[in-house]
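All remarks here apply to the structure that follows.
In what follows, every heavy atom counts, from backbone to side chain, and hydrogens, waters and symmetry copies are set aside.
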Amino acid sequence: MMIISSEYFNPKDTFECGQSFRWKPIDGLYVGVVRRSVLMLEPRPDGYEVKVLGEPLSDDEIGAYFDEGSDYKSIIEYLSMKDSWLDKATAFGKGIRLLNQDPFEMLITFIISSNNNIPKIKMAVEALSEQFGDYLMTYKGVKMFAFPTLEQLKACTVTDLNVKGMGYRARYIANAVRQIDENHLDLNLPFELGYEDSKMWLKQLYGIGDKVADCVLLFSYRKKNAFPIDTWVKKMLRELYGVEDRQKAYEAFVDDYFDHYGGYAQQYLFYYMRNHTS
DNA sequence: TTTCAGGTGGTGC
DNA sequence: GCACCACCTGAA
């Protein structure tokens, strides 16, 4: 039996902070698809029990997915002492875990996220899975599907991929998938490369720029220093840290101020900003 | 009806 | 290099 301690974890913070679009509350409990398994989180006195409803998934794999290997106590202690905003943000988002998700799924998901909003991203990811991914099981009347594989998306035309909420990003996905396929790109390579090299490697794909690359690096390749800079992060950097409104200024500040825990800092601050502004 | 949304690629300088 | 701008489309 796998239990995630609730001292530094809660499902809402983790699944609603914008890193994952595949978990949803069903009858009050979060249910989500991880690889080809359906997981459900049941509250226990001191944590959450991870129940595997579909295909088996080992405790090691579940632990890796929930980033059990990271010491959140140390991370939060370190960040909270840096300044008062990080102190507030880490207190507010104390239950966030930086999930280690599937690279291909993150790559496609964050291509969809470009110039898009969260409800539409969810819609498109959901529709892609329903239409092209494998059916896994039905839980309380809700059908669950695996995220499509490279092989499954390879078979799609741009028109096929233009599902609800997708728009012009269908072309981005078709191109990226073709590039990966035709050039036999190894999606495991960035695990072996450092941050800068893996970022350049990802950016060779159509539809992947700086922001999307950083999301993929942070949410699947375990590059915890990656610091995705989007419109909310820019707003945060201007308002909380007085950073000038220029791309280079944002990048320079982030590189200088947030070091190896940059990715964690970004998630806490992002989640804090999203929930404290009108 | 218009505006906006967790950017990117293309173009012009 | 760097600054613009078009771009699908659902929702308010």
Side-chain angles (χ1 to χ4, degrees), chain A residues 12-23 89 92-93 96 98-99 101 105-128 130-131 156-180 196 199-220 223 226-240 243-255 258 262-278:
Chain A
K12 189 178 188 303
D13 290 346
T14 297
F15 303 135
E16 307 295 335
C17 70
Q19 60 178 324
S20 177
F21 302 93
R22 302 231 61 204
W23 287 81
F92 177 74
I96 294 177
L98 249 66
L99 301 174
Q101 305 176 75
E105 178 173 341
M106 289 299 96
L107 207 138
I108 302 300
T109 297
F110 282 93
I111 286 177
I112 295 172
S113 80
S114 74
N115 191 30
N116 211 342
N117 54 42
I118 290 170
K120 275 177 64 191
I121 299 167
K122 279 185 178 163
M123 212 186 294
V125 169
E126 199 72 18
L128 264 193
E130 272 187 40
Q131 291 187 33
C156 298
T157 65
V158 176
T159 313
D160 294 336
L161 292 169
N162 192 9
V163 296
K164 211 165 61 160
M166 188 69 83
Y168 60 86
R169 301 163 199 86
R171 185 167 49 87
Y172 289 6
I173 293 175
N175 283 344
V177 164
R178 184 175 43 75
Q179 277 179 286
I180 295 168
E196 292 294 343
K199 187 166 179 176
M200 289 212 312
W201 189 87
L202 283 173
K203 282 174 68 178
Q204 72 180 307
L205 295 174
Y206 197 90
I208 299 193
D210 282 311
K211 192 269 177 182
V212 171
D214 276 328
C215 286
V216 178
L217 289 170
L218 184 57
F219 302 140
S220 63
K223 308 291 189 241
F227 198 107
I229 300 174
D230 56 40
T231 55
W232 285 91
V233 169
K234 286 178 184 173
K235 177 181 163 66
M236 178 273 288
L237 292 171
R238 286 194 305 273
E239 294 179 2
L240 305 190
V243 178
E244 193 189 344
D245 183 24
R246 288 185 303 112
Q247 185 62 29
K248 285 294 169 194
Y250 294 123
E251 289 173 11
F253 179 82
V254 162
D255 283 346
F258 304 100
Y264 294 99
Q266 194 267 9
Q267 278 309 102
Y268 292 123
L269 290 167
F270 177 81
Y271 189 54
Y272 181 75
M273 278 306 274
R274 289 295 313 240
N275 290 281
H276 285 84
T277 50
S278 49

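The span of DNA chain B lying next to chain A, judged by atoms under 4.0 Å from heavy atoms, is bounded 5' to 3' by B/dA5 to B/dG10.
Under the ring-ring contact (aromatic ring centres under 6.0 Å, His included) criterion, A/Trp201 pairs with no residue, sequence neighbours left out. With sequence neighbours excluded, no residue forms a side-chain hydrogen bond (donor to acceptor under 3.5 Å, both in side chains) with A/Glu130. Shown here are the side chain to side chain contact (heavy atoms under 4.5 Å, CB included) partners of A/Gln101, two or more places apart in sequence or in another chain: A/Gln19, A/Ser20, A/Tyr65, A/Leu99, A/Met106, A/Phe219. Here A/Tyr172 pairs with nothing under the side-chain hydrogen bond (donor to acceptor under 3.5 Å, both in side chains) rule; sequence neighbours left out. Under the side-chain hydrogen bond (donor to acceptor under 3.5 Å, both in side chains) criterion, A/Arg274 pairs with no residue, sequence neighbours left out. With sequence neighbours excluded, the residues forming a side-chain hydrogen bond (donor to acceptor under 3.5 Å, both in side chains) with A/Glu239 are A/Lys235, listed by chain and number.
Applying the salt bridge (Lys or Arg N to Asp or Glu O under 4.0 Å) test to every pair with at least one member in residues 157-171 of chain A, sequence neighbours left out, gives no pairs at all. Identified under the salt bridge (Lys or Arg N to Asp or Glu O under 4.0 Å) test for residues 202-212 of chain A, with sequence neighbours left out: A/Lys199-A/Asp210, A/Lys203-A/Asp210.
Here the shortest heavy-atom pairing between A/Leu205 and A/Ala176 reads CD2-O, 4.1 Å.
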| query | Dot-bracket, DNA chain C: Watson-Crick or G-U, under 3.5 angstrom, [ ] crossing, | other strand? | reply | |||||||.||||
| A/Tyr250/A/Arg238 under side-chain hydrogen bond (donor to acceptor under 3.5 Å, both in side chains): CA gap, chis, key distance, verdict | CA-CA 9 Å; A/Tyr250 294 123; A/Arg238 286 194 305 273; 2.9 Å; yes
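In this entry the distance linking CD1 of A/Ile121 with P of C/dC8 reads 18 Å, nearest Å. The nearest whole Å value for the distance from the CG atom in A/Asn115 to the C1' atom in C/dC8 is 9 Å.
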Please write out each protein N/O paired with an N/O of nucleotides 10-12 of chain C under 3.5 Å, distance rounded to 0.1 Å.
none

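Comparing the P positions of B/dG6 and C/dC4 gives a spacing of 22 Å, expressed to the nearest Å.
Looking at residues 204-217 of chain A, you'll see that no heavy atom sits under 4.0 Å from any atom of DNA chain C.
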